[in-house]
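Only one structure is covered here, and it is reproduced in the block below.
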Amino acid sequence: MSYTKPKAIPLTVAVLSLLLVSAVSVSFVNGTSVVDGVVSEPIYGVVSSGSKRFLGENNATGNSSLVLAAERTHRRDPLEDRSYYTGGWNISNEHYWASVAYTGAPLFIIALFWFVACAICLLLVCICCCCCRRGRYGYSRTAYALSLTFLTAFTIAAIIGSVFLYTGQGKFHDGTKHTLDYVVQQARSTVDGLRNVSNTLAVAKHTGVSQIFIPQNVQNNIDKVDAKINSAAETLENETEKNKKDIMIILDFVRRILIIVAAVMLGLAALGFLFSILGLQVLVYILVIIGWILVAVTFILCGLFLVLHNATGDTCVAMDDWVKHPSAHTALDDIIPCVDPATAQDTLSQSKEVTYQLVGVSNRIITNISNINPPSGVGYNQSGPLVPNLCNPFNSDKTDRKCASGEVELSNATQVWKNYVCQVSASNVCSTVGRLTPAMYDQMTAVVNVSNGLYHSGPFLKELLDCTFLRDTFTVIHDEHCPDLSRYSKWIYIGLALVSAAVMLSLICWVLYARERRHRKYTKLVDATYGQESNAGKSHG
Ligand SMILES: *[C@@H]1O[C@H](CO)[C@@H](O)[C@H](O)[C@H]1NC(C)=O
Ligand SMILES: *[C@@H]1O[C@H](CO)[C@@H](O)[C@H](O)[C@H]1NC(C)=O
Ligand SMILES: *[C@@H]1O[C@H](CO)[C@@H](O)[C@H](O)[C@H]1NC(C)=O
Ligand SMILES: *[C@@H]1O[C@H](CO)[C@@H](O)[C@H](O)[C@H]1NC(C)=O
Ligand SMILES: *[C@@H]1O[C@H](CO)[C@@H](O)[C@H](O)[C@H]1NC(C)=O
Ligand SMILES: *[C@@H]1O[C@H](CO)[C@@H](O)[C@H](O)[C@H]1NC(C)=O
Ligand SMILES: *[C@@H]1O[C@H](CO)[C@@H](O)[C@H](O)[C@H]1NC(C)=O
């Protein structure tokens with residue numbers, strides 16, 4: 001049982017989404033230090049808590065363990081002497097997979113039974129053919145009519161089943177593809193978000209934030225964080241592309257198999273009907289042999305799709321349960337390492353802290369250096385209107401702050417400050433009116449860029465960390481994609497069951513009808529001969 005790498009398609013889609021996001025989360029669990037590192041510098045005097053608690057270890061906010069999809073997964077477990085399995089949805093538990101696979105058991109048993117029974121029948125027929133001389137045929141008009149009726153009915157059923165199966169596989173393929181596209185799109189938007197943050201930090205780095213105002217160790221931390229975010233984005237992107245490609249290959253393969261099954265069964269039913277009506281006995285027997293094996297295969301396929309259908313349903317319910325019980329420990333948490341909400345909040349407040357501190361740095365430069373009028377010879381010959389302060393979006397306690405009048409916002413400080421830049425002489429002294437040298441301006445805009453980037457990406461990072469983003473994704477999958485996946489996988493196994501049962505019964509009818517037809521012909525022949533004889537007798541008498 002390959003329960004570590006499920007091949008089932010919609011399940012894989014679901015699991016893929018888990019894995020994709022877990023790739024991000026894993027990078028981010030370390031990435032709690034994203035802002036940690038930046039902030040825990042002595043210069044800012046912020047003590048980093050560094051608490052990276054997982055849900056499972058978190059005793060504060062509810063430590064109850066939740067069984068996912070408990071009701072749905074309450075099934076008999078063949079590995080445990082057919083007692084009921086109670087572990088819930090847990091893809092790392094072989095008992096879960098055994099109990100799901102067990103739901104297909106009736107169909108596997110039918111396939112086996114059919115295969116063996118048919119083999120025995122064929123054997124008996126062969127023995128009878130070879131050894132026994134057949135007695136005189138008995139012909140019954142009713143049996144003949146009945147076998148013809150059933151033959152027609154089952155052939156029609158087989159055709160309906162094939163059409164149903166064909167339609168179902170098309171819709172299933174589309175539904176799965178839509179789900180996959182949604183998951184991939186979510187992954188891509190995460191990658192974009194991460195790249196945004198990373199670019200912000202990289203730009204800041206290249207413009208020499210370190211030179212004067214930002215200490216080297218802070219800059220190193222920004223670098224580290226940047227590298228981490230970049231690698232998270234890279235991993236996520238590669239995994240997405242690779243998994244998407246793999247899943248598409250599997251999906252197309254399944255689609256092809258189902259189309260072939262539908263076509264072959266349709267052809268089999270039609271040919272069998274034709275041959276038995278025409279009384280082509282040898283061809284009918286060849287078809288019976290082919291049909292014998294195909295019916296068994298189709299029943300097994302049907303069982304597999306039933307298992308798939310159940311596993312998909314379980315996964316959907318499990319996702320919903322997980323979304324609805326954010327603080328409980330579940331089997332999903334073993335796959336997705338979400339940081340607990342408190343830690344995520346911590347991260348957010350640390351990113352706020354960095355923003356607050358960086359804005360503070362800019363403003364100190366403005367008030368203590370640019371905006372003072374030193375005696376001539378001191379300073380860099382700054383003159384002209386005062387540079388407006390940068391608006392700090394946070395108070396010192398990290399609550400939101402309204403800008404005071406005369407302050408510029410983070411979003412357009414770069415443009416506003418451009419008007420205060422002077423031209424410098426070779427010795428880096430202003431030769432025209434202005435209060436910022438170009439070098440200062442560059443560094444200050446770099447600071448603004450980083451602050452602005454962090455300010456806007458803080459909530460995004462927090463959502464990734466505490467799995468809000470993932471919960472939203474799961475909610476959409478559960479609400480919008482699961483019903484289709486469930487419905488169409490059901491269509492497929494019903495279609496397969498219909499086709500295999502109809503072909504199985506029509507296969508029996510071919511034989512019966514061919515026999516009745518032969519008997520009828522024979523009886524007619526005998527009757528005709530008898531009639532002629534009696535006529536001849538009459539004319540003689
Ligand atoms: C969590 O665990 C602690 C002890 O480990 C226990 O006192 C508390 O009742 C538990 N809370 C819940 C919601 O189960
Ligand atoms: C990334 O940045 C671009 C432009 O700067 C913006 O339009 C987009 O919404 C950002 N994406 C995310 C996920 O933040
Ligand atoms: C899932 O199954 C594994 C393997 O049996 C087990 O170690 C783990 O505790 C289970 N998880 C939950 C949440 O029951
Ligand atoms: C700016 O000036 C204030 C008041 O003079 C002083 O307390 C502060 O330390 C100065 N900051 C810097 C960075 O020089
Ligand atoms: C900056 O933004 C403020 C408010 O959004 C606006 O009033 C001001 O004109 C902007 N300045 C520039 C230079 O864009
Ligand atoms: C200082 O700036 C003024 C303009 O504000 C300019 O006229 C003067 O030449 C500058 N002095 C030096 C030494 O560059
Ligand atoms: C700041 O960011 C803007 C765009 O967001 C960019 O055009 C500019 O070059 C950046 N400046 C610095 C100094 O990083």
Side-chain angles (χ1 to χ4, degrees), residues 1-6 8 11 14-15 18-19 22 25 53-59 61-81 83-102 310-311 314-340 366 369-387 417-441 467 470-471 474:
M1 180 121 307
S2 62
Y3 49 84
T4 44
K5 242 192 163 184
L11 182 69
V15 169
L18 309 187
L19 295 183
S22 71
S25 309
R53 279 169 295 147
F54 286 65
L55 272 172
E57 301 155 24
N58 176 13
N59 285 348
T61 53
N63 40 8
S64 54
S65 199
L66 177 75
V67 176
L68 292 172
E71 232 167 86
R72 259 196 78 99
T73 55
H74 190 71
R75 306 187 177 107
R76 291 202 180 276
D77 176 10
L79 298 185
E80 281 286 350
D81 207 16
S83 61
Y84 281 101
Y85 168 73
T86 52
W89 187 94
N90 183 353
I91 55 166
S92 43
N93 192 333
E94 58 191 290
H95 291 281
Y96 168 69
W97 287 109
S99 68
V100 177
Y102 195 61
N310 286 329
D314 290 354
T315 309
C316 285
V317 174
M319 288 204 263
D320 195 40
D321 280 355
W322 185 72
V323 169
K324 288 193 174 131
H325 300 92
S327 61
H329 175 61
T330 66
L332 260 170
D333 302 319
D334 300 339
I335 314 172
I336 312 166
C338 285
V339 175
D340 70 275
I366 291 171
I369 300 173
S370 310
N371 285 356
I372 55 172
N373 294 310
S376 66
V378 188
Y380 51 91
N381 191 24
Q382 61 266 55
S383 62
L386 298 181
V387 181
W417 284 346
K418 210 171 247 166
N419 306 324
Y420 299 86
V421 178
C422 64
Q423 282 168 11
V424 285
S425 63
S427 54
N428 213 21
V429 166
C430 281
S431 55
T432 60
V433 176
R435 288 189 172 272
L436 298 170
T437 62
M440 284 173 80
Y441 173 77
C467 286
L470 186 58
R471 285 178 205 278
F474 277 9

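Whatever order the structure lists them in is the order used to number ligands and atoms, beginning at 1.
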Could you list, one pair per line, each nitrogen or oxygen of ligand 3 together with any protein nitrogen or oxygen closer than 3.5 Å, giving atom names and the distance rounded to 0.1 Å?
| unit_1 | atom_1 | unit_2 | atom_2 | d |
| --- | --- | --- | --- | --- |
| ligand 3 | 2 (O) | Asn90 | OD1 | 3.4 |
| ligand 3 | 2 (O) | Asn90 | ND2 | 2.3 |
| ligand 3 | 11 (N) | Asn90 | ND2 | 2.9 |

For Val317, the side chain to side chain contact (heavy atoms under 4.5 Å, CB included) test, sequence neighbours excluded, returns Ala69, Arg72, Asp321
Enumerate the atoms of ligand 6 whose separation from the nearest heavy atom of Ser383 is less than 4.0 angstrom. 5 (O)
For Trp89, run the side chain to side chain donor-acceptor pair (under 3.5 Å) check against Thr315, Thr330, Thr73 and tell me which one passes. Thr315
Logged contact type for Cys430 with ligand 6, heavy-atom cut-off 4.0 Å, is backbone
Check the orientation of Tyr85 and His95. Use parallel for under 30°, tilted for 30 to 60°, and perpendicular for over 60°. parallel
Ring centre gap for Phe474 and Trp322 strictly below 6.0 Å: yes
With side chain to side chain donor-acceptor pair (under 3.5 Å) as the test, would you mind laying out the steps for Ser83 and Asp81 before giving the verdict? CA-CA 6 Å; Ser83 61; Asp81 207 16; over 6 Å; no
Run the salt bridge (Lys or Arg N to Asp or Glu O under 4.0 Å) test against Asp320 and tell me which residues pass, sequence neighbours left out. Lys324
Under the rule for ring-ring contact (aromatic ring centres under 6.0 Å, His included), what residues qualify as partners of His325, not counting sequence neighbours? none
Under 4.0 angstrom from ligand 6, any heavy atom of Ser431? yes
